[in-house]
Participant: 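Shown below is the structure under consideration.
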Amino acid sequence: MSWALDDTDHDGFAGSDRRGSLRPLRAAMNPSSPLSLQKAPMTPHGETASPVVLYVCADRARGARGEATQRAQTEGQTFAREHGLTIAEVVTDIYGEPDPARRGGWRRVRQLAQTGHVTAVLVRWPSAIAPESARELRHREAAWLRDQGVRVRYTWAPLSARGVEAR
């Protein structure tokens with residue numbers, strides 16, 4: 001499932017996309033649901049895999065999914081599988097807006113973090129959150145996520161191999 005909220009969603013970071021968007025997540029969190037996380041993949045240690053959101057901000061134009069988005073999604077899915085994580089949702093944005101708070105997809109990431117539906121945000125590299133020229137915005141978002149108990153984990157091999165996380 002992929003989310004791309006339109007610009008008419010102005011109810012802040014905890015907003016809804018007005019389409020019953022939490023229904024799949026609530027079902028996954030309900031122990032009696034057939035989508036229950038209790039049936040999620042198990043880690044090598046026999047624990048239920050942690051739900052995460054995969055955030056992809058790669059394509060520069062709306063329309064068909066580009067190669068950069070496909071590569072980021074494949075990397076993220078591989079990273080999740082190798083680390084015993086369950087991707088609860090894939091959220092995408094078009095690359096270009098430096099302030100993540102102004103992107104509909106990133107607002108969805110914040111909503112998932114704020115409501116406790118995910119334990120981590122998987123992102124290919126730091127500039128997907130905010131470009132280097134706006135690194136203070138990236139630090140602001142990473143700090144906000146940490147305050148919610150949510151980690152930012154990078155999936156690009158050179159960063160993930162070193163265990164780099166957002167600070």
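The structure displayed is predicted, hence computed values, not measured ones.
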Participant: Mind checking side chain to side chain donor-acceptor pair (under 3.5 Å) for Thr119 and listing every partner two or more places apart, or none if nothing turns up?
Facilitator: none
Participant: Which residues pass the side chain to side chain contact (heavy atoms under 4.5 Å, CB included) test with Thr74, sequence neighbours left out?
Facilitator: Thr78
Participant: Any idea which heavy atoms bring Gly76 and Thr155 closest together, and the distance?
Facilitator: CA-CG2, 4.0 Å
Participant: Any chance you could measure Ile129, atom CD1, to Arg135, atom CZ, to the nearest 0.5 Å?
Facilitator: 14.0 Å
Participant: Once side chain to side chain contact (heavy atoms under 4.5 Å, CB included) is applied, do any residues pair with Tyr95, and if so which ones, sequence neighbours excluded?
Facilitator: Cys57, Arg60, Pro131
Participant: Do you know the tightest heavy-atom contact between Leu137 and Pro98?
Facilitator: CD1-O, 3.7 Å
Participant: Can you name the nearest heavy-atom pair linking Val123 to Ala128, along with the distance?
Facilitator: CG2-CB, 3.3 Å
Participant: To the closest 0.5 Å, what do you measure between OG1 (Thr115) and CD (Gln148)?
Facilitator: 9.5 Å
Participant: Look at Arg138 together with Glu141 and state whether they make a salt bridge at an N to O cut-off of under 4.0 Å.
Facilitator: no
Participant: State, with a plain yes or no, whether a side-chain heavy atom of Gln114 is found less than 4.5 Å away from one of Gln111.
Facilitator: no
Participant: Quick one: list whatever passes side chain to side chain contact (heavy atoms under 4.5 Å, CB included) with Glu97, sequence neighbours left out.
Facilitator: Asp99, Arg102, Arg103
Participant: To check you understand the geometry: which heavy-atom pair defines the closest contact between Asp93 and Gly105, and what is its length?
Facilitator: OD1-N, 2.8 Å
Participant: On a heavy-atom basis, which atom in Leu145 and which in Ala113 lie closest, and how many Å separate them?
Facilitator: CD2-CB, 3.6 Å
Participant: Grab the two heavy atoms, one from Gln73 and one from Thr92, that are nearest each other, plus how far apart they are.
Facilitator: NE2-CG2, 3.8 Å
Participant: My understanding is that only residues two or more places apart in sequence, or in another chain, count here; which of them pass side chain to side chain contact (heavy atoms under 4.5 Å, CB included) with Glu67?
Facilitator: Arg71
Participant: Using a 4.5 Å cut-off on heavy atoms from C-beta on, say whether the side chain of His83 contacts that of Arg153.
Facilitator: yes
Participant: Taking Leu122 as the fixed residue, which of Tyr55, Tyr154, Phe79 is the one that meets the side chain to side chain contact (heavy atoms under 4.5 Å, CB included) rule?
Facilitator: Phe79
